[in-house]
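Written below as structure tokens is the structure these notes are about.
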2 protein chains.
Amino acid sequence: MAMSQLPTLRQLQFIIALAEHGSFSRAAEAVFVTQPTLSAAIKELETILGTVLVERGARGAVLTPAGDAVLERARRVMTEAEDLVIAAQAAGEPLSGPFKLGVIPTIAPFLLPRVLPALRERYPDIELFLREDLTDRLFDALRERRIDAALIALPYDAPMIETHAVWADEFLFAAPPDHPLARNKTLAPSDLTDEPLLLLEDGHCLRDHALAACATGSARADFAATSLHTLVHMVKSGLGATLLPRMAVEAGLVDRMGLEVRPFDPPVVGREIGVAWRKGSARSEEAIQLGDAIRDILQAPDSP
Amino acid sequence: MAMSQLPTLRQLQFIIALAEHGSFSRAAEAVFVTQPTLSAAIKELETILGTVLVERGARGAVLTPAGDAVLERARRVMTEAEDLVIAAQAAGEPLSGPFKLGVIPTIAPFLLPRVLPALRERYPDIELFLREDLTDRLFDALRERRIDAALIALPYDAPMIETHAVWADEFLFAAPPDHPLARNKTLAPSDLTDEPLLLLEDGHCLRDHALAACATGSARADFAATSLHTLVHMVKSGLGATLLPRMAVEAGLVDRMGLEVRPFDPPVVGREIGVAWRKGSARSEEAIQLGDAIRDILQAPDSP
DNA sequence: ACATGGCCATAGATAATACCTATGACTTCT
DNA sequence: AGAAGTCATAGGTATTATCTATGGCCATGT
């Protein structure tokens, strides 16, 4: 079958600019060519496609319905092509250049100080841009290509998102010294059945995962904390007990707070921390590699 | 941010050919350029991407891992670009040129003779290629781009497929004249509770939809027909009763067969016929338009 | 009505580049 | 060693992408 001629990416770039600026002259300016150049290119594109894409008027240019259809697909082709470039560059020299990483608030302050130095050492050419936000908002950012990858807690179901497990973050029980359960050396999840837990406010995945860990437990409905630091202060002042990620405790979250911290009996309860990326992302390989690197660093002997 | 230069579609086409032929010279031949041209283009592509994509050897060329990553995305970009061309041409002159339509076997022989003439009249430039097959295989064909659209029965859940309802195809009860239920003028679905139905063999969606229509009914496990024509002959010879689509009956499926055919009381039971296309298909608009055209033709006064 | 200033199209010249032919260097196989 | 394949390089040509300069057209304001 006779392969009908394809448009060039340049032409697609031009018609996108034309649609965005509504005028040949201004669109031409935006893509750094002269108006006749853009004019000719659009005309050529219309010839190739065999369809009029633009209505020329004295007050500017408007896309025809066919033009709109082309525009939408042109945008897709262009972003795919840009992704190809990024993916190729990443494949050639992984984890170099700007890399935008989102991290959920219950991990970021405890993980990053611990791994960032080693990470910079291992990948000297990386420029990490960090963004701390709730899981949902990070997923939105992934889908809209505002970030390249995110460190989040699993399980968490989201369309268009793929994940790779990095490490298991165990939950520890924390309470004031006079709390009845603080007498035990270890706890079973079932001990929490009648213990209303003090948790982070809605939207934090830690809240949901903590509740899931003690299937029968419940949260205090009257109080909720906005950060883990606030949370431990509320626990200290006697408002209730809570579950904390081991990583936060190891990072010193409860140091000199006078709180009792107890592990659970095996099987350990907790959450899985993983990297997430947009399905089809140009940097999915790098996201996995970054996750594995973080795991390595956490397991390194000098890191307690 | 400095927009790094994009590759050309031509260059992507070249590296795809190179990957497929494993040799610069043969790939060049395949895309109708000389070997030095292709050589230079690949080199230029590698410069743009800043990565070596191909391992040159005395026995040909092999893609590097980075090359493989690029190849996969290049294929995507190329098919998206080709789709853009098709979509643009279709938007300019819808339902013209070759259009490959799949139809399920329980519709095709009864619908097509009725609508094809009017369809050709309404869209004189269309070249309809028809393919009769089971729903699953049509969906596969849609996903693999072997057909542009399909006429199938809903509801039918399938990933990557979108649908548009065209008309409701009512079920009629058919049985030999001496059948007990043939005495009634109309039936309720519940009448079929203890009536093992003679149905098409597995894989035909009509079988599943018929069973769903009489929620409590069951199929004869010992006999099944391979086509509606076989089915009515089996009914005639006393093997059991069945449900037939009204469209097949109207097309003369049971004429001079000596079978009794009865409608159901309202609310009517039946199945929805619709058009289906691959999500993102370049011809989804045309598929919808085709479905609407078929609905119009079926409702036209001269069509009983 | 006329002039003005915005639009886009056209013409012709020039710079960039895509492509070809001819050739060379290097492997692999005979 | 020679033959036959591989890909890279060099230099010339054809194509095309782009520029400047200009013209026609339509709305708007005087």
Side-chain angles (χ1 to χ4, degrees), chain A residues 3-49 51-64 66-67 70-71 74 77-78 81 85, chain B residues 3-64 66-67 70-71 74 77-78 81:
Chain A
M3 165 92 137
S4 73
Q5 201 186 345
L6 286 179
T8 64
L9 288 181
R10 201 101 223 273
Q11 288 161 350
L12 300 187
Q13 183 195 349
F14 284 178
I15 197 160
I16 291 172
L18 181 54
E20 279 170 358
H21 292 90
S23 135
F24 278 71
S25 18
R26 262 172 296 143
E29 198 177 354
V31 294
F32 306 108
V33 296
T34 57
Q35 169 264 315
T37 298
L38 190 133
S39 248
I42 297 291
K43 192 184 203 178
E44 168 74 10
L45 179 60
E46 290 179 320
T47 307
I48 290 174
L49 300 181
T51 314
V52 178
L53 305 174
V54 184
E55 261 190 46
R56 283 92 166 157
R59 320 188 35 73
V62 198
L63 292 197
T64 62
V70 167
L71 172 65
V77 174
M78 287 299 288
V85 176
Chain B
M3 166 91 139
S4 73
Q5 201 186 344
L6 285 179
T8 306
L9 286 182
R10 200 101 223 272
Q11 289 161 350
L12 300 187
Q13 183 194 348
F14 284 178
I15 196 161
I16 291 171
L18 180 54
E20 279 170 358
H21 293 90
S23 134
F24 279 71
S25 18
R26 262 172 297 144
E29 198 177 354
V31 293
F32 306 108
V33 295
T34 58
Q35 169 263 315
T37 298
L38 190 132
S39 246
I42 296 291
K43 193 182 202 177
E44 167 75 9
L45 179 60
E46 290 180 319
T47 306
I48 291 174
L49 300 182
T51 315
V52 178
L53 304 174
V54 184
E55 261 190 46
R56 283 91 165 158
R59 319 188 34 71
V62 199
L63 292 198
T64 62
V70 167
L71 172 65
V77 174
M78 287 301 287

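Letters go in sequence order (proteins before strands), and every chain restarts at 1.
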| remark: Closest non-hydrogen contact found for B/Leu9 with B/Ala81 is CD1-CB, 4.0 Å
| field | Distance below 4.0 Å between A/Arg10 side-chain N/O and D/dA17 OP1 or OP2 | value | no
| field | Comparing A/Arg26 and B/Phe14 on DNA chain C - which has the more 5′ nearest nucleotide | value | A/Arg26
| task | Quick one: closest heavy-atom pair of B/Leu53 and B/Ile15, and the distance? | result | CD1-CD1, 3.5 Å
| query | So does B/Thr34 get a side-chain nitrogen or oxygen closer than 4.0 Å to the phosphate oxygens (OP1/OP2) of C/dC19? | reply | no
| query | Can you tell me if the side-chain N/O atoms of B/Lys43 get under 4.0 Å from OP1 or OP2 in D/dT9? | reply | yes
| field | Whole-Å distance separating the CD atom of B/Gln13 from the P atom of C/dA18 | value | 14 Å
| Whether over 12 other heavy atoms sit under 6.0 Å from A/Glu29 CD | no
| query | Over how many whole Å does the gap from B/Leu18 atom CG to D/dC7 atom P extend? | reply | 8 Å
| Closest nucleotide among D/dA21, C/dC7, D/dC7 to the A/Ser23 side chain | C/dC7
| 4.5 Å side-chain heavy-atom contact, B/Val31 and B/Gln13 | yes
| message | Taking the nucleotide of DNA chain D with the nearest heavy atom to each, does A/Gln35 or A/Thr8 sit closer to the 5' end? | response | A/Thr8
| Does the side chain of B/Arg59 get closer than 4.0 angstrom to OP1 or OP2 of D/dG5 through an N or O atom? | no
| remark: On DNA chain D, more 5' by nearest nucleotide between A/Ala41 and A/Ala58 is A/Ala41
| query | What's the CD1-P distance between B/Ile42 and C/dC19, to the nearest Å? | reply | 12 Å
| query | Tell me: CD of B/Glu46 to P of D/dC7, nearest whole Å? | reply | 13 Å
| Which residue, B/Leu6, B/Leu49, B/Ile16, B/Leu45, forms the side chain to side chain contact (heavy atoms under 4.5 Å, CB included) with B/Gln11? | B/Leu45
| request: Would you indicate, yes or no, if D/dC7 has its OP1 or OP2 atom less than 4.0 angstrom from a side-chain nitrogen or oxygen of B/Ser39? | output: no
| query | Using a cut-off of less than 4.0 Å, is there contact between a side-chain N or O of A/Thr37 and OP1 or OP2 of D/dA17? | reply | no
| request: For the side chain of B/Pro36, starting at C-beta, report the closest nucleotide among D/dT6, D/dC26, D/dA8. | output: D/dA8
